[in-house]
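Here the structure comes first, spelled out in structure tokens, and everything after it is commentary.
Computed from a prediction, not measured in an experiment: that's the story for all the values here.
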Amino acid sequence: MYKVPDQFYFRLHHPRPRFKSNIENVLIYMASEIVQIGSKPKAEFKQRLNDSIRMFPGNLNSTQKTIDNWRTEIDALFALIQENDQNLEPTYRAVDLAENQDLVKFFKVFCYYFQYPGGFVKNHVNLELINARINFKPAQYILTMLFEAEQKYGIRAGVTKAEVTHCIFNDLRVTRDHRPPLDTWDLISSHGVEYDWTGDVIRYAGDFLDYLVQANLLIRRPNQKYYLNKAEGAAIQRFIKPYENDFNYYNKIESLIREIDGNAFSEDEIKRLMLSKITDLENEWIRYFNTPLSDEFFDTDVISLVTSESTNDSTDTIDLSVILEEIADYSTGNIGSVGEAIIVKHEVKRLELGGRLDLKHLVKFIPTHFAMGYDISSRELDGGIRNIEVKTTTSSREIHFTRFHLTPNEWAVAESYQDRYYVYRLMISKESIKLYILQNPVRLYKEDRIKALPRDGMDVTFDSKSSGFVEELLV
DNA sequence: GCTACCCGTGCC
DNA sequence: GGCACGGGTAGC
């Protein structure tokens, strides 16, 4: 059994995600609820968020303890809430996730910013990391290692959770001394030794590798190894390059260190000063974690997502690449415009199959700046108008619970067009593209078939499993 | 005393 | 073996 030599052993840790198998649904739910609550005094904010968590399917009978744990741990890890004066409020990241529902992008950004030391662990833990001189960005290190190994040896380089745990995460020669990634690869590939695979030991590195999969940067094969996702070459290069901005604890505490060096403080005083400085950095960390990145930097490239090597052997999924070839012109757009392009194709096909070739040319995309309250003007088979608002989500795995936001204008337009107004909910994942069609959302709401909460328009929630709105995508 | 990550334990 | 509940417990 391989063990890191004692003098180099330092076990890294981050808050443990609950709901691991359901993380996409929980994250969108939490972000949406946090945005819905808005800016509120601390106690009220916490209470309202607890109430929301309690309403999440399966939580009705959980103890208060579990509810509190959800609230604090999800926020600690993903930085969805920030302090502002005496209030708590949603962060930019929470708003972006709630509104755009681009989970792949969310995880890319998360992995990009994730580092040790980092604001997601308690201050005294960060102090230990700083005292140990740890300075480690796991996404950058892992992606660089796999990329360089592939370049040098011309192979497909894959790693297991256990290898990443014992040869990268828990070894100061990497996390403190920045051993060249290729050297680490050589070590891993030459080892031929057993590793400790038991639960908690490999949990943290394992979770992080899974986040890289959610970000579409790695793929996990049935042999339990993680490989670079060839379809995301450009994004991977962004992780490998030096960062555009950085959150360097060591630079930020430099002046304090100088002050300590110049004075005869006791050990307790030094610890207190350091902890207080790290506490001060906490809000700055949340702001750093929420720095918006330019769209072309991280917006999900839908082509890359669906042309990724599949992680299962299912053969009954539709051939997504065929669909995407047809909309190749849009491949650099954000997920919203790709979704709209897919729906234009879908509508043309629907009219064709309905024998109305004469109406095809009337399917039109309406640019957002016209503020019509819908994205696409299409036709019914009887020639009547069908106005369509497209709402798109991406994630690595399929998600089942879904919500979307309609602006005040969209909701008002929906109300006036009634049965002529449709919401096309398009959910793009590595495994499939699913389309849910909601005709006349205002009526569905009045008939209690969907839920909607007013917030600068309406937050609409429906359950894709039980509501029966699913429609086959025709492209 | 309370809060919020930490992580043992037991379920699936 | 993976995963989450909810008790543990350090630090505020």
For Asp207(A) and for Lys65(A), locate the closest nucleotide of DNA chain C by heavy-atom distance; then report the residue assigned to the nucleotide nearer the 5' terminus.
Asp207(A)
Assign each of Lys161(A) and Glu128(A) the nucleotide of DNA chain C bearing its closest heavy atom; nearer the 5' end lies the nucleotide of Lys161(A)
Does the side chain of [X] get closer than 4.0 angstrom to OP1 or OP2 of [N] through an N or O atom?
X	N	result
Trp70(A)	dA4(C)	no
Ser62(A)	dC5(C)	no
Arg71(A)	dA4(B)	yes
Lys122(A)	dT9(C)	no

Closest to the His124(A) side chain: dA10(C), dG6(C), dA4(B)?
dA10(C)
Any donor-acceptor pair under 3.5 Å linking the side-chain atoms of [Y] with those of [X]?
X	Y	answer
Gln47(A)	Asp51(A)	yes
Tyr113(A)	Asn290(A)	no
Thr393(A)	Arg425(A)	yes
Asn248(A)	Tyr243(A)	no
Ser276(A)	Thr279(A)	no

Please give, in whole Å, the distance from [N] [atom2] to [X] [atom1]?
X	N	atom1	atom2	value
Arg203(A)	dC7(B)	CZ	C1'	9 Å
Tyr204(A)	dG2(C)	OH	P	14 Å
Glu73(A)	dC3(C)	CD	P	16 Å
Asp68(A)	dG1(B)	CG	C1'	15 Å
Asn123(A)	dA4(B)	CG	P	13 Å
Phe56(A)	dA4(C)	CZ	P	11 Å
Leu60(A)	dC5(C)	CG	P	14 Å
Asp75(A)	dA4(B)	CG	P	10 Å

Describe the nucleic acid contact of Lys271(A) in one word from base, sugar-phosphate, nothing, applying a heavy-atom distance below 4.0 Å.
nothing
Mind checking Thr63(A) for me? I need base, sugar-phosphate or nothing, with any heavy atom below 4.0 Å counting as a touch.
sugar-phosphate
Answer yes or no: side-chain N or O of Asn69(A) and base N or O of dC5(C) forming a donor-acceptor pair under 3.5 Å.
no
